[in-house]
Amino acid sequence: MRKDRASLRDAAQSLASHFLFGREWLRSPLRVGAVAPSSARLADAMTQGLTATCGPVLELGPGTGVFTAALLRRRVPAAQVAVVEASESFAAALTLRFPQVAVIHDDAARIRHVTPFGPGGAEVVICGLPLLSMPPTKVLRIVAGCITVLKPKGELRLFTYGQRCPIPAAMLVRLGLVAQRRTFVPLNMPPASVYAVARREQPA
């Protein structure tokens, strides 16, 4: 009976998330950047390797909370997770769904100013933003901000529906970063590639 109730709750949550996502997409398709929420498979790929000992973790553009839920399933402590969401509707829904997670209603380009973990305090930044649909100047602000809030060995994770990393190669060089394709998720809709971005190792 308890399992049945959990299944019904999950189904209701999924339906509500899809409705909210569709409404936000109709309002601002470029800002949302996809026609459907990310799949559980993509969420698993984006959070692979994270455990209860990981954190703090910052998430940009959580939307309906697919990646946030995956972080908590991997037992990353809720107190070690903060999400930055520009949409008022998404932010309100996230606050209700994840009451122990810090939900920050703000622009991801201001990440260095709004992070609750301080400069150099985050171990991982999970980025769900549609970088390819943003002006390069904004992408630069976001990526540079992510590097500012990450620990020296920290990692920025992002995904794309395109054929290469959504951060331009020249921007990676300018910021002293290297991007590595971690995995391909063919069963996401549309299929997506997951990248890890980190500071380039300096020669000894």
Side-chain angles (χ1 to χ4, degrees), residues 17 37-38 40 42-88 90-131 134 138-160 165-167 171-172 175-180 182-183 192 194-202:
S17 293
S38 299
L42 180 55
D44 286 342
M46 286 285 283
T47 59
Q48 185 176 14
L50 300 182
T51 67
T53 61
C54 295
V57 178
L58 270 168
E59 184 182 354
L60 305 183
T64 60
V66 177
F67 297 162
T68 315
L71 288 169
L72 300 182
R73 282 198 304 273
R74 292 189 183 277
R75 302 192 183 281
V76 177
Q80 293 289 294
V81 177
V83 302
V84 182
E85 175 55 59
S87 162
E88 184 176 1
F90 279 149
L94 291 163
T95 300
L96 289 174
R97 185 178 179 189
F98 306 109
Q100 304 304 315
V101 170
V103 177
I104 302 162
H105 176 216
D106 213 316
D107 188 332
R110 287 174 31 80
I111 180 174
R112 69 181 73 195
H113 304 294
V114 301
T115 174
F117 307 124
E123 184 169 340
V124 177
V125 173
I126 302 286
C127 181
L129 298 168
L131 297 181
M134 295 179 175
K138 182 158 188 174
V139 175
L140 178 61
R141 288 177 61 201
I142 291 171
V143 177
C146 288
I147 300 309
T148 299
V149 304
L150 280 169
K151 296 178 180 179
K153 297 291 186 180
E155 182 178 85
L156 166 63
R157 296 186 184 183
L158 45 81
F159 72 93
T160 181
C165 179
I167 304 173
M171 190 178 297
L172 291 171
L175 296 174
L177 304 175
V178 60
Q180 181 179 16
R182 290 179 61 112
T183 188
V194 175
Y195 283 83
V197 179
R199 292 178 177 89
R200 188 181 299 276
E201 290 188 10
Q202 300 297 320

*asked:* For the CZ atom of Arg200 and the CG atom of Leu175, what is their distance to the nearest 0.5 Å?
replied: 11.0 Å
_Measuring only between side-chain heavy atoms, which start at C-beta, is Pro116 closer than 4.5 Å to Ile104?_
yes
*Between Arg199 and Leu150, is any pair of side-chain heavy atoms under 4.5 Å apart?*
yes
*Non-hydrogen atoms of Leu94 and Pro62 that approach each other most closely*: CD1-CG, 3.4 Å
_Is there a side-chain contact between Leu177 and Val143 in this structure, where contact means two heavy atoms from C-beta onward sitting under 4.5 Å apart?_
yes
*If you take all heavy atoms of Pro56 and Gly121, which pair is closest and at what distance?*
CD-O, 3.1 Å
*Working to the nearest 0.5 Å, report the span between CD1 of Ile142 and CZ of Arg110.*
12.5 Å
_Please find the pair of heavy atoms, one from Phe159 and one from Ala192, that lie closest to each other, and give the distance._
CD1-CB, 4.1 Å
*Over all heavy atoms of both residues, which pair between Ala179 and Tyr195 is shortest? Give the atoms and the distance, please.*
CB-CD2, 4.5 Å
*Taking all non-hydrogen atoms of both residues into account, name the closest pair between Ala122 and Leu58 and its distance.*
CB-CD1, 4.2 Å
*Could you give the distance from CG (Leu158) to CG (Leu129), rounded to the nearest 0.5 Å?*
9.5 Å
*How many angstroms lie between CG in Leu156 and CD1 in Ile167, if you round to the nearest 0.5 Å?*
5.5 Å
*Write down the atom of Ala91, the atom of His105, and the distance for their closest heavy-atom approach.*
CB-CB, 4.0 Å
*Quick check: does any side chain N or O of Arg97 sit under 3.5 Å from a backbone N or O of Thr64, one acting as donor and the other as acceptor?*
yes
*Would you mind reporting whether Cys54 and Val124 have side-chain heavy atoms less than 4.5 Å apart?*
no
*So, does Arg157 use its side chain to make a donor-acceptor pair with the main chain of Met46 at under 3.5 Å?*
yes
*What's the spacing between Glu59 CD and Glu85 CD if we round to 0.5 Å?*
9.0 Å
*Would you say the side chain of Val149 lies within less than 4.5 Å of the side chain of Phe117, judging by non-hydrogen atoms?*
no
_One pair to check against side-chain contact (heavy atoms from CB on, under 4.5 Å): Gln100 and Val81. What are the steps and the verdict?_
CA-CA 9 Å; Gln100 304 304 315; Val81 177; over 6 Å; no
*About how many Å separate CD1 of Ile111 and CZ of Arg141, when rounded to the nearest 0.5 Å?*
12.0 Å
*Option among Thr95, Leu60, Thr68, Ile126 that satisfies the side-chain contact (heavy atoms from CB on, under 4.5 Å) test with Val83*: Thr68
*Might you work through the side-chain contact (heavy atoms from CB on, under 4.5 Å) test for Lys138 and Asp107, ending with a clear yes or no?*
CA-CA 10 Å; Lys138 182 158 188 174; Asp107 188 332; 3.1 Å; yes
*Which is it for Leu71 and Leu50 under the side-chain contact (heavy atoms from CB on, under 4.5 Å) test, yes or no, and what are the steps along the way?*
CA-CA 7 Å; Leu71 288 169; Leu50 300 182; 3.5 Å; yes
*May I ask you to test the Glu155-Arg182 pair for a side-chain heavy-atom distance under 4.5 Å?*
yes
_Partner set under side-chain hydrogen bond (donor to acceptor under 3.5 Å, both in side chains) for Lys151, not counting sequence neighbours_ = none
